[in-house]
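Reading through the structure tokens given below for one structure.
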Protein chains: 2
Amino acid sequence: MVTLEDVARHAGVSLATASRVLNGSSRQVGRAMRERVEKAAAELGYRTNVAAQTLARGASDVIGLVVHDLVDPYFAAIADGAMRAADARGHMVMVGTTHRDPEREIAYVSTLHAQRVRAVLIAGSRVADAAVTDRLRAELGRYRETGGRVACVGQDLLGVATVAPANREGAADLARALAALGHTRFAVLAGPPHLVTAIDRRTGFTEALADLGLPEPQIVYGSFDRGGGHTAVQEVADATCVFAVNDVMAVGALAALRERGVRVPDDVSVAGFDDIATLRDLTPALSTVRLPLADMGARAVELALSGDHGDPPVVAGVEGRVVLRDSVRRLR
Amino acid sequence: MVTLEDVARHAGVSLATASRVLNGSSRQVGRAMRERVEKAAAELGYRTNVAAQTLARGASDVIGLVVHDLVDPYFAAIADGAMRAADARGHMVMVGTTHRDPEREIAYVSTLHAQRVRAVLIAGSRVADAAVTDRLRAELGRYRETGGRVACVGQDLLGVATVAPANREGAADLARALAALGHTRFAVLAGPPHLVTAIDRRTGFTEALADLGLPEPQIVYGSFDRGGGHTAVQEVADATCVFAVNDVMAVGALAALRERGVRVPDDVSVAGFDDIATLRDLTPALSTVRLPLADMGARAVELALSGDHGDPPVVAGVEGRVVLRDSVRRLR
DNA sequence: GACGATCAGGAAAGCGATTTCCAGTATGGC
DNA sequence: GCCATACTGGAAATCGCTTTCCTGATCGTC
């Protein structure tokens, strides 16, 4: 294992000089010395020991990212955006996947804290459970006290910088767009009753319908994934249009409808939320609300890294845009 | 920032004892002392400084993972499997995405080496370019010389432990299955001409056809992604069955065919490779060769972590299983 | 009851960088 | 030409933890 000291000795300079040449310092080093050190480092195949560097500097160049599930394209897209942004700033990303277990979320924050990562990004929707949210907040608080930076993608519940998609407004826009097509009898595949993202999308949708003077939609709860959509849609009684609170659920719903021989959009229209790129080739093409997921991940990195420590937490709103495709039809 | 020394002082014990209690050691500590230390740590909110620990121990608990693109569900699935396995062994995962740039792949290995990660996993297909592969191999060699462990998911080209899917055999099996349905005129959307995975799948397919005495298929090269399939399929002249060397390309092909009003499978059959879970709800359902992607990621972790350093590199073969679905039809 | 073996606790030497001083040398203004 | 000023290079302290010895005590055995 080649150390900086080996390099310094080989180049015939001091440790200090070698450090200044190789690992970025504000101090200048004369040209002759610089070249000798660089040559020595190359010859010996020196690699900085980041652990030592982190210890000495008191800060690492790693960013922690906590997501629910990388296989879910929603999180994959956010992670991708975050990693690009991190990379552009010379950071590496450590990822933890919780598979929707809030305890693991807390555990990961703790682990990332121990790693002394520069910032922690938390993506994914919170459950409206005060106790567990409080514990997460406490864990984040301890991390922030020691200089850690935190940003969140999702809801502004943690008291930290947040990239907040306009779930309510997006769902409301979608409701209005669908109503404009002539639909009046709706069903909402609403996901888990206590998941904040799901709640926001459901209420945004239903409130917009109420404002339009339309009848209340049928609400069917279920899980937040494909299976949830698949199961829930089977309980829909009579509706001309089904809104699933995310695209993956909508895909499950489409599959279930197809299995039962219900035609989309002829017999029933279907819409989702997120506009997952991987799902754009479905037939019929899914109507949805587009969220700039990769941008959201990148924004979260910027938010976490920028801003002074005492600043009040920033909330960056992100708008959704309604995209109507073949999965919905005009009525009458 | 609470240090171990603070905890030791607070508990009235030595640094050594505190270390043994809190950060796992083979040595026993008496019950009374242990409890005092644990209490002190809890009261002070102590978090191990992993950088210091890594420096002192000379090894970290982090595993590095290099993939092309997390948004590609193929890599997402592998990453997910790897992360689960890593987690089960108490490791965290640092991810780098290369977006198919071999230079970045090398750069990431270097960075991960600097991080002194316990193991590096490289997923994704290699380009048949000896120069760049040699440089990657050299970089990995330097890492391994200092005790680093490496495993690869894909081809056995790097001289390291490898999880190698049976691309040739899988493609050959698929060719035979399709031929058994009565198809004789094939086209292969072959991806990049120098990508090893693409080459293996293409040749496995064509060789099986040759063995059956069937005419040579039309080969159309292109990129390895959705766009590549979308573009390439438009050059297919006359074939009753199109094989895309991965599912994502097959999806692009399906989209292009649909746009042109070509019906699948009535006018032409389509098959892919990988069996990406996210894509299972396409219509028509895609025929493909199933690879246990998550298992492959997990296997790679095991391979990297197990085995003594002097051992010859293990190659763990992984079989693919042909899955015929609605996207292909029986001819005659 | 003595002796070697076993074991719990502590002092201190690293691990491999960064960074603060300090000293010595060039530079510039007058 | 002289003094204050800037720079460059080096010695050494430091970051927080692990681990090797070392010491003293407890234990079991003959």
Side-chain angles (χ1 to χ4, degrees), chain A residues 1-38 40-41 44-62 111 113-118 146-148, chain B residues 1-38 40-41 44-62 110-111 113-118 143 146-148:
Chain A
M1 192 83 72
V2 181
T3 72
L4 189 59
E5 194 174 348
D6 299 333
V7 174
R9 192 172 14 239
H10 193 77
V13 305
S14 77
L15 200 55
T17 301
S19 170
R20 294 197 262 252
V21 170
L22 294 175
N23 298 316
S25 150
S26 49
R27 289 247 332 234
Q28 289 285 317
V29 173
R31 184 189 163 107
M33 298 260 140
R34 142 164 286 114
E35 285 174 356
R36 280 203 345 245
V37 172
E38 280 165 353
L44 269 43
Y46 170 73
R47 299 286 116 143
T48 304
N49 182 325
V50 176
Q53 197 170 54
T54 299
L55 178 58
R57 294 220 250 247
S60 87
D61 273 345
V62 175
T111 302
H113 182 167
Q115 296 275 354
R116 299 296 191 274
V117 295
R118 177 76 120 255
T146 62
Chain B
M1 192 82 72
V2 181
T3 72
L4 190 59
E5 193 175 349
D6 298 334
V7 174
R9 196 176 6 243
H10 193 77
V13 304
S14 76
L15 200 54
T17 300
S19 170
R20 295 198 261 252
V21 170
L22 295 176
N23 299 316
S25 149
S26 50
R27 291 248 332 232
Q28 290 286 317
V29 172
R31 184 189 164 109
M33 299 259 138
R34 143 163 288 115
E35 285 173 357
R36 281 207 339 250
V37 171
E38 280 164 353
L44 267 44
Y46 170 73
R47 297 287 118 144
T48 303
N49 182 326
V50 177
Q53 198 169 52
T54 299
L55 179 58
R57 292 221 250 248
S60 88
D61 272 344
V62 175
S110 169
T111 302
H113 182 167
Q115 297 274 353
R116 298 295 189 275
V117 295
R118 176 75 121 257
Y143 170 60
T146 62

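Lettering of chains follows the sequences in order, A, B, ..., and the numbering in each one begins at 1. For the numbers below, each heavy atom of this structure counts, side chains included, while hydrogens, waters and symmetry mates do not.
Judged as a salt bridge (Lys or Arg N to Asp or Glu O under 4.0 Å), the pairs with a partner in residues 19-33 of chain B (not counting sequence neighbours) are, in order, B:R31-B:E35.
Remark: A:T17 pairs with A:S14 by the side-chain hydrogen bond (donor to acceptor under 3.5 Å, both in side chains) rule, at least two apart or across chains. Under the side-chain contact (heavy atoms from CB on, under 4.5 Å) criterion, B:T3 pairs with B:E5, B:D6, not counting sequence neighbours. With sequence neighbours excluded, the residues forming a salt bridge (Lys or Arg N to Asp or Glu O under 4.0 Å) with A:R34 are A:E38, listed by chain and number.
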Between the protein and nucleotides 7-13 of chain C, list the N/O to N/O atom pairs that are separated by less than 3.5 angstrom.
unit_1 : atom_1 : unit_2 : atom_2 : d
C:dG9  : OP2    : B:G30  : N      : 2.6
C:dG9  : N7     : B:R27  : NH2    : 2.3
C:dG9  : O6     : B:R27  : NH1    : 3.1
C:dG9  : O6     : B:R27  : NH2    : 3.2
C:dG10 : OP2    : B:S14  : N      : 3.0
C:dG10 : OP2    : B:S14  : OG     : 3.2
C:dG10 : OP2    : B:T17  : OG1    : 2.8
C:dG10 : N7     : B:R20  : NH2    : 2.8
C:dG10 : O6     : B:R20  : NH2    : 3.2

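The two residues A:R36 and A:G12 have their closest heavy-atom pair at NH2-O, 3.3 Å. The shortest heavy-atom contact between B:V7 and B:A41 is CG1-N, 3.9 Å.
Listed by residue number, the members of residues 46-57 of chain B with any heavy atom below 4.0 angstrom from DNA chain C are B:L55, B:A56.
Chain A approaches DNA chain D over the interval D:dT8 to D:dG16, counting the first and last nucleotide 5' to 3' with an atom under 4.0 Å from its heavy atoms.
As rounded to whole Å, 9 Å separates atom C1' of C:dG16 from atom CD of A:E5. Rounded to an integer number of Å, the gap from CD of B:Q115 to P of C:dG16 is 16 Å.
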Donor-acceptor contacts, no H, no angles, side chain residues 47-61 of chain B, under 3.5 Å, sequence neighbours left out:
unit_1 : atom_1 : unit_2 : atom_2 : d
B:R47  : NH1    : A:S110 : OG     : 2.9
B:R47  : NH1    : A:E139 : OE2    : 2.6
B:T48  : OG1    : B:N23  : OD1    : 2.8
B:N49  : OD1    : B:A51  : N      : 2.9
B:N49  : OD1    : B:A52  : N      : 3.1
B:T54  : OG1    : B:V50  : O      : 2.8
B:S60  : OG     : B:V62  : N      : 3.1
B:S60  : OG     : B:R116 : O      : 3.2

